[in-house]
Amino acid sequence: MFLRYLQYCQPDNPYFDRPSQDQVTADYPAARETLPDGWTRDLNPHWSFHVPHGCQLPLQGWKIHVSAVLDRAEPVLAVVRSHCEARSIPFKFIRSPHVLKSRNSKYGDRSSSGKFITVYPLDEQQFTTTLIELGDLLDGEPGPYILSDLRWRNGPLYVRYGGFVLRSISDARGRQIPCIEDPNGRLVPDRRGPGFHPPAWVTLPEILDEAVVARSAGTTRALPFTVRKALHFSNGGGVYEATELATGRTVIVKEARPLAGLDAEGTDAVTRLEQERWALQTLAGIPAVPELIDYRKGHEHYYLMRELVDGAPLSRGGGGPANPWVEGMPDQETGPYTTWALDILAQTQRTIDAMHNRGVVFGDLHPGNVLVRPDGTIAFIDLETATPITAASPQVIGAPGFRAPNHYRGAALDRYALGCLRIALFAPMTTLLDHAPQKLDQLLALITARFPVPDDFAHQVRRDLGFGQEAGPHGTERALPAFPVLSELSPETWPTLRGTITDSILGSATPDRIDRLFPGDIEQFTTPGGGAAFAYGAAGVLWALAETGADIPDAHIRWLDNAAHALAEPRPGFYDGLTGIAFALHRLGRTDHARELLDRAIGSAPDDLDDTLFSGRPGIGLALLHVAECTGAKELLVHAQALGEQMAESTGTLPPGLLHGRSGGALFLLRLAEATGDRSLLPAAADALRHDFAELGLAAGEPDERPKARWRIPYLRAGSAGPAVVAAQLLPHLSDPDPHLAQALEHSHSALTREFHPRVGLFTGRAGVVAALRQLCRGTAEDTEAMRRHLAAFDWHAVRTGPHTAFLGEHSLRLSTDFGTGSAGVLLALDAALGDGTATLPFLGNDRVVPAGRR
């Protein structure tokens, strides 16, 4: 999930966004040139589709994919285009060099990597002829191997049976899965994974017989190991646990695909694997460096075999004592953890020094690349970015939060990462430094106040990071000014701060764009209609602004209205679709338009709606109840009752939590019971909550203390915060006391007091914790102190943008203004805690009819 976000982190853009328009429109000429008579072109952000007039594409069949490297893409395209146009064969191609490079990058999708051109033969005879003729024209052209396909001969041609026209069905989580039709007329998944797997009912064309034999021979070619299991995949290859045939010992095997897994400099995975081989050879004998066992080529890929390190990565705790502050264990002494962490850091520093003495720069030091063995010693892994220290190379690949500034070179790259590691072992929020170097003093203050680190700890960190040095990272130390972005939060100071956050959100609006109005999470771009929807788009932002008293520009409301009506195949759900947009427009005074969208959502809702608040029956039903109560539209209440009846009959498992678990359904049933007086719905609501609490490790009896019990994470999307708030509202309605729900509520309430939260958003961060704590607050000293700590900690994630205040989104990689991850959700949570007490999450408080603008 984390890697997906990197594709939307554009240089010099403080927000998540698509690649710049200049990159997108720098097309191959074939995507813009005049077409031959009788041909049509259709462009989308990635592809240029070319179809002859009157051509009726089959729904599915054998397609031909053409691979290409960047510097040979245009000549290859010219050959294929000329061939297909002369024979009236439909085809499509990646429209720009930028998109082609992105698809072949290290973080690209493995199932689509390498695919540059797709040719759609209209029947098997044309498939055979085209394959032979294109093969004669293109044999010898280089290109990345297409993992999902069968390679034909030794050129860039690959084949696969699949859909020509996009057809899809929803999976258990509501995601759209591409499909093909089986012989019985049923839609089944169109398998696009990294392997050639034609449907069982399909007979392979005779022309592919030789290719199948060649593939089988290649995959059985002798290698000195047998794979036991896959540990990791990327577009550049895989990492496997294997058995060395000569000795029987367990080893690690790294695989690299030629011409794939490109980094920012265009270096492929094989080049990086050869760098790792060089580094392991050069560093042999250093205790923290694994032993190199073998390196060779097999079936077009390259393989490096090295010693298996029996250890746990620092990114998962390293097998050491838990960090009491991070894990929310305030009563546990921090001394033992501090001693362990300082020893790990000392070993890391010694290893880095030893590497530099042998002329090697690691270049990618971060917690995921440091393993801790059971005896407490460390080992470095993934040395594919290692370079000679004399080369003074820039950093090409680096983990966010550990990547050095652009002007750092050579040994300074590792020293910077070491400084970040010193911080991360105590306060894992080093991505904050990428946005405001002044956050360093803030992080150091947190660490020195909570852990018994040495007196020179802060000096060591500053020395390693070398902030403020233009010519290089080391030299005279410069103290950075420490100042809070947020002044001390209180009901008295809140109106001023509310204004700066509101102005920041409104100032970020881009009403000239059609894909989104406010910058937010990457889900705006990866989910249909995400830029308008409630969770991450304009609907949630405008609703939160209205709820906190902002004056909403009419142009923004029109943008949302127009965006909703422009959706071709909208989802009906609340947080991801039409219902949430309607809910927001109703709040903004567009009652007629809201009702129109609700009717459209009801009419388009499929029979297989899920039972989640995010996208299914509960969210739709709650919105219908709200609008019915506000307008007196009894037919909406009838629709809501029908959804409640469907929920009672549904089965299936869901993850725990308010947005994607049973708790959303419990909230809907509770509100439906309140609206109709039907108390028979309440036992089902209680059962739904018991399900979520059990999944969270809070079943009847004592709480589950296993490490995997997730009730320690009190978030709204997945965690105990949502179930706790719903339980608190449901318990007074039950005719008989429910001690198990009451006990689970107590444990969940306690979890809301933990101080450390690495994110600030409403769905998976501090804002949601504060919103839940505000609703559950009993006025105790513990609650009051917890709220004080939470309010002070909002400053960790706040960034000053001129006179305004903004907040960092998911993984603290970019700013966000949306409801689920950014400033709009923070605004609502802070107003709930510091305002007049009327602000709440949708459906969890006093939902009411109020005029747009100030309450």
Side-chain angles (χ1 to χ4, degrees), residues 547 574-575 583 611-614 617-619 621-626 628-630 640 643-644 647-648 656-694 696 698 711 714-752 762-763 767-780 783 787 828-829 832-833 837-848:
E547 285 291 290
F574 182 82
Y575 277 106
F583 181 80
D611 289 326
T612 71
L613 179 59
F614 193 89
R617 296 182 183 94
L622 284 163
L624 294 176
L625 287 176
H626 173 75
E629 181 181 0
C630 294
L643 291 174
M647 283 190 58
L658 180 66
L659 300 189
H660 296 285
R662 297 284 182 199
S663 298
L667 177 63
F668 172 42
L669 294 174
L670 170 60
R671 294 289 180 257
L672 187 58
E674 292 172 341
T676 63
D678 184 0
R679 296 181 57 83
S680 68
L681 299 170
L682 298 178
D687 286 343
L689 284 175
R690 292 189 195 99
H691 170 275
D692 270 11
F693 280 129
L696 291 162
L698 290 170
W711 63 274
Y715 295 148
L716 290 176
R717 185 167 70 184
S720 60
V725 172
V726 179
Q729 298 190 15
L730 174 66
L731 281 169
H733 290 268
L734 299 180
S735 56
D736 297 318
D738 191 320
H740 294 151
L741 279 183
Q743 183 184 46
L745 172 58
E746 287 297 322
H747 285 288
S748 301
H749 187 175
S750 178
L752 293 170
L762 194 65
F763 288 174
V769 174
V770 165
L773 184 61
R774 175 65 182 83
Q775 293 205 268
L776 297 176
C777 186
R778 299 164 182 168
T780 63
D783 281 357
M787 184 64 79
L828 186 76
T838 58
T840 63
L841 297 175
F843 317 119
L844 283 172
N846 300 318
D847 293 315
R848 59 210 180 284

Query raised in the report: So, Phe574 versus Phe668, ring centres under 6.0 angstrom or not?
Result: no
**Report entry** Least distance between heavy atoms, Pro723 atom then Leu696 atom
**Finding:** CG-CD1, 4.0 Å
Query raised in the report: Hey, what do you get for CG (Leu670) to CG (Leu731), rounding to the nearest 0.5 Å?
Result: 10.0 Å
Requested in this report: Using a 4.5 Å cut-off on heavy atoms from C-beta on, say whether the side chain of Leu689 contacts that of Arg662.
Outcome: no
Report summary line: All heavy atoms of Ser748 vs all of Ser720, minimum pair found to be OG-CB, 3.5 Å
Query - Leu658 side chain reached by Leu844 side chain, heavy atoms, under 4.5 Å - result: yes
Query raised in the report: Taking atom CG of Leu730 and atom CG of Leu741, what is their separation to the nearest 0.5 Å?
Result: 7.0 Å
Query - Heavy-atom check, side chain of Arg671 versus side chain of His626, under 4.5 Å - result: no
Report summary line: Closest non-hydrogen contact found for Leu681 with Ala673 is CD1-N, 3.8 Å
Report summary line: Separation between CG (Leu752) and CE (Met787), nearest 0.5 Å, reads 9.0 Å
Requested in this report: Working to the nearest 0.5 Å, report the span between CG of Asp687 and CG of Asp692.
Outcome: 12.0 Å
Requested in this report: Nearest 0.5 Å please: distance from the CG atom of Leu841 over to the CG atom of Leu716.
Outcome: 6.0 Å
Query raised in the report: Looking only at heavy atoms, which two atoms of Phe693 and Ala724 are closest? And how far apart?
Result: CZ-N, 3.9 Å
**Report entry** Side chain proximity check, His749 to Leu773, heavy atoms < 4.5 angstrom
**Finding:** yes
Query raised in the report: Could you state the interatomic distance from CG (Leu667) to CZ (Phe843), rounded to the nearest 0.5 Å?
Result: 8.0 Å
Query raised in the report: For the side chain of Asp783 and the backbone of Arg778, is there at least one donor-acceptor N/O pair under 3.5 Å apart?
Result: yes
Report task. Taking all non-hydrogen atoms of both residues into account, name the closest pair between Ala751 and Pro714 and its distance. Result -> O-CG, 3.5 Å
Report task. Please examine the side chains of Ser735 and Arg679, heavy atoms only from C-beta on, and report whether any two atoms are closer than 4.5 Å. Result -> yes
Query raised in the report: Hey, are the side chains of Met647 and Leu643 touching, using non-hydrogen atoms and a 4.5 Å cut-off?
Result: no
Query raised in the report: With side chains defined as the heavy atoms from C-beta onward, is the minimum distance between Leu672 and Leu625 less than 4.5 Å?
Result: yes
Query raised in the report: Would you say the side chain of Val725 lies within less than 4.5 Å of the side chain of Leu776, judging by non-hydrogen atoms?
Result: yes
Requested in this report: Can you label the angle between the Phe614 ring and the Tyr575 ring as parallel, tilted or perpendicular, going by 30° and 60°?
Outcome: parallel
